[in-house]
Amino acid sequence: TRSDLDWREAKAQAALALKKQFAGFIFVCNNATVPDPQHRLFGLPAHHKESVRAIRPGMPIFLYNYSTRLLHGVFEAVSDGGYNLDPHAWENTDINKIGRAPVSR
């Protein structure tokens, strides 16, 4: 129906506007989820992937550890934000971690 098309168009325009609005991005972690500083690959759960896809090369990125209350950065995005860029990034042979798929680097 026409209202469905209008709604889809509005949603697409809102997503495009979201991509244009971000000046930087802050990833959040705690002591148990701190990313490996060697790889500088930051990730969030899958339900945040649309926000992460707004990341563009050159965008400033920060990492906030809420366990220590420290803000780390400035990091610079080297690629567009994406989902599951490295499917093995959060593998742990000792503990099965669920829901920590990478979304950006």
| task | For the residue pair Phe62 and His72, establish whether any side-chain heavy-atom pair is separated by less than 4.5 Å. | result | no
| said: Go through it in stages, so that I can follow the logic: the residues are Ile26 and Leu63, the test is side-chain contact (heavy atoms from CB on, under 4.5 Å), and I'd like the CA-CA distance, side-chain angles, deciding distance and then a yes or no. | reply: CA-CA 6 Å; Ile26 300 174; Leu63 177 66; over 6 Å; no
| task | List for me each residue that meets ring-ring contact (aromatic ring centres under 6.0 Å, His included) alongside Phe25, sequence neighbours excluded, and say none if there are none. | result | Phe22, Phe27
| query | Quick one: does Pro57's side chain get under 4.5 Å of Val78's, heavy atoms only? | reply | no
| task | State plainly whether one hydrophobic cluster holds both Leu71 and Val74, where clusters connect Ile, Leu, Val, Met, Phe, Trp and Tyr through side-chain heavy atoms under 4.5 angstrom apart. | result | yes
| request: May I ask you to say whether Asp80 pairs ionically with Arg56, meaning some side-chain N is under 4.0 Å from a carboxylate O? | output: yes
| note | Closest heavy-atom pair, Ala23 versus Pro60, reported as atoms and distance to 0.1 Å, is O-CD, 3.2 Å
| task | Might you point out which heavy atoms bring Asn31 and Ser67 nearest each other, and give the distance in Å? | result | N-OG, 3.1 Å
| field | By side chain to side chain contact (heavy atoms under 4.5 Å, CB included) - contacts of Tyr66 (at least two apart) | value | Val28, Asn30, Tyr64
| message | When you compare the side chain of Ile61 with that of Ile55, does any pair of heavy atoms fall below 4.5 Å? | response | yes
